[in-house]
Amino acid sequence: MTNQQEFKSKIKRVLITEAELQERIKHAGSMLSEEYQGKPLLLVSILKGAFVFLADLCREITIPCEIDFMATKSYYGGTTNCGTVNIVYELEHDISQYHVLIVEDIIDTGITLKDVVKKLKARNPLSLKVITLLDKTDARKVEFEADYTLFEIPNEYVIGYGLDSGEYYRNLPYIAVFDEKR
Ligand code: IMP
Ligand code: MG
């Protein structure tokens, strides 16, 4: 990244404002606090993109919960749609003791979550659900639906609020469309 001007010129337009994000996240937090009341809840975040969403969401959850992280690397099989995902950083928890909620930033092709869900289900959690901040439903290559989606967005590359382009822009407090041409 050469300079501040170039950095800013690639932020095409704001898609979701800070206030809109906070409103939906607040609502999700109170809904989850009711749903998981009295249950051992483990929030699982897939690094790195979801770290900002997780930080805000967990502070809107008013019941006891634990937090764990994992990281994945995707290997997309050439022109085929069936990619597989390797877990490159493992959870610390034995999830068989928990109601697990995967906290994800965005569902695009669906390949990552479909495979992660399959792998985590094999470890017999008490229950397993997925909440995603963003969903690009038009970009799906495999069938996958989150249990909770905060915003459905068009099939454009987005940055900010944890989401990056070349590791930059994660610190923007809003979601913006990235200008790939400039
Ligand atoms: P998948 O295609 O559903 O497997 O998406 C996997 C990951 O790609 C997401 O968790 C994001 O980290 C990343 N990703 C997909 N679309 C975007 C985007 O528009 N901006 C930034 N990252 C994205
Ligand atoms: Mg992600």
Side-chain angles (χ1 to χ4, degrees), residues 1-29 31-32 43-61 69-86 88-89 101-117 130-182:
M1 189 66 44
T2 50
N3 60 49
Q4 184 77 5
Q5 249 179 346
E6 190 193 341
F7 178 85
K8 281 202 171 155
S9 74
K10 294 198 170 178
I11 303 169
K12 201 173 181 178
R13 66 174 197 281
V14 176
L15 192 63
I16 308 169
T17 66
E18 224 177 322
E20 287 167 332
L21 288 166
Q22 296 312 322
E23 190 200 321
R24 296 300 296 273
I25 291 168
K26 206 176 176 68
H27 181 261
M31 174 205 62
L32 294 170
L43 304 179
V44 165
S45 179
I46 305 173
L47 294 169
K48 300 175 201 171
F51 81 103
V52 180
F53 177 40
L54 174 74
D56 282 348
L57 181 66
C58 76
R59 284 177 290 175
E60 298 295 344
I61 293 177
F69 295 96
M70 61 191 293
T72 60
K73 203 169 174 60
S74 305
Y75 296 95
Y76 295 88
T79 53
T80 70
N81 291 339
C82 45
T84 64
V85 172
N86 277 5
V88 295
Y89 178 78
L101 180 65
I102 299 178
V103 178
E104 180 59 311
D105 50 356
I106 186 166
I107 307 178
D108 184 28
T109 64
I111 290 170
T112 306
L113 273 182
K114 191 172 184 147
D115 203 41
V116 166
V117 163
V130 173
I131 184 166
T132 186
L133 179 69
L134 309 173
D135 191 342
K136 289 190 208 173
T137 45
D138 293 342
R140 218 56 110 246
K141 289 186 179 169
V142 295
E143 225 175 284
F144 185 84
E145 261 191 71
D147 297 281
Y148 308 107
T149 299
L150 273 55
F151 299 92
E152 284 191 15
I153 62 166
N155 191 7
E156 293 180 283
Y157 198 84
V158 291
I159 51 171
Y161 201 74
L163 293 154
D164 75 308
S165 172
E167 292 299 324
Y168 287 102
Y169 303 102
R170 294 193 196 274
N171 58 324
L172 294 179
Y174 48 82
I175 299 283
V177 175
F178 182 66
D179 194 342
E180 291 173 274
K181 292 183 297 293
R182 293 178 71 161

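One is the number of the first residue; the rest follow in order along the sequence.
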Considering only heavy atoms from C-beta outward, does the side chain of [X] approach that of [Y] to under 4.5 Å?
X: V88; Y: T72; answer: no
X: C58; Y: L43; answer: yes
X: V117; Y: V130; answer: yes
X: R59; Y: I25; answer: no
X: L133; Y: I106; answer: no
X: F178; Y: V158; answer: no

Nearest 0.5 angstrom please: [X] [atom1] to [Y] [atom2], how far?
X: I11; Y: S165; atom1: CD1; atom2: OG; answer: 11.0 Å
X: I46; Y: L113; atom1: CD1; atom2: CG; answer: 5.0 Å
X: S45; Y: D105; atom1: OG; atom2: CG; answer: 8.0 Å
X: I175; Y: L15; atom1: CD1; atom2: CG; answer: 7.5 Å
X: I153; Y: I16; atom1: CD1; atom2: CD1; answer: 6.0 Å
X: I159; Y: E180; atom1: CD1; atom2: CD; answer: 10.0 Å

Determine the minimum heavy-atom distance between [X] and [Y], stating which atoms define it.
X: I107; Y: A146; result: CD1-CB, 3.8 Å
X: E152; Y: T149; result: CG-CG2, 4.2 Å
X: P173; Y: E18; result: O-CG, 3.3 Å
X: D115; Y: V85; result: OD2-N, 3.0 Å
X: R24; Y: F151; result: CG-CZ, 3.2 Å
X: F7; Y: Y169; result: O-OH, 2.9 Å

Next item on the list: Could you go through the side-chain contact (heavy atoms from CB on, under 4.5 Å) check for L101 and I131 one step at a time?
Entry: CA-CA 7 Å; L101 180 65; I131 184 166; 3.9 Å; yes
Notebook entry, point to check: Is a side-chain N or O of E60 found less than 3.5 angstrom from the main chain of L57, in a donor-acceptor match?
Noted result: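 No: the side chain of E60 does not pair with the backbone of L57.
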Notebook entry, point to check: Is the distance between the ring centroids of F69 and Y89 under 6.0 Å?
Noted result: no
Item checked: Side-chain ion pair, R140 and D135, N-O less than 4.0 Å ->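 Salt bridge flag = yes for D135 with R140.
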Next item on the list: Under the salt bridge (Lys or Arg N to Asp or Glu O under 4.0 Å) rule, collect the residues that match up with E23, sequence neighbours excluded.
Entry: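 For E23 there are no salt bridge (Lys or Arg N to Asp or Glu O under 4.0 Å) partners, ignoring immediate neighbours.
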Checklist line | Contacts of type salt bridge (Lys or Arg N to Asp or Glu O under 4.0 Å), residue E143, not counting sequence neighbours | finding: none
Item checked: Trace of the side-chain contact (heavy atoms from CB on, under 4.5 Å) decision for M70 with V116 -> CA-CA 10 Å; M70 61 191 293; V116 166; 4.2 Å; yes
Notebook entry, point to check: In terms of side-chain heavy atoms, does D56 have a donor or acceptor partner in Y161 at a distance below 3.5 Å?
Noted result: yes
Item checked: side-chain contact (heavy atoms from CB on, under 4.5 Å) between L150 and F53, intermediate numbers included -> CA-CA 11 Å; L150 273 55; F53 177 40; 3.9 Å; yes
Note to self: Per the salt bridge (charged side-chain N to carboxylate O under 4.0 Å, His left out) rule, what does the pair list look like for residues 156-171, sequence neighbours excluded?
What the structure shows: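 Residue pairs with at least one partner in residues 156-171: R13-E156, K48-E167, D164-R170, E167-R170.
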Next item on the list: Carefully, step by step, assess D179 and K10 under the rule salt bridge (Lys or Arg N to Asp or Glu O under 4.0 Å).
Entry: CA-CA 5 Å; D179 194 342; K10 294 198 170 178; over 6 Å; no
Note to self: Does Q22, at its CD atom, have more than 12 non-hydrogen atoms belonging to other residues, nucleotides or ligands within less than 6.0 Å?
What the structure shows: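 Above 12, so yes.
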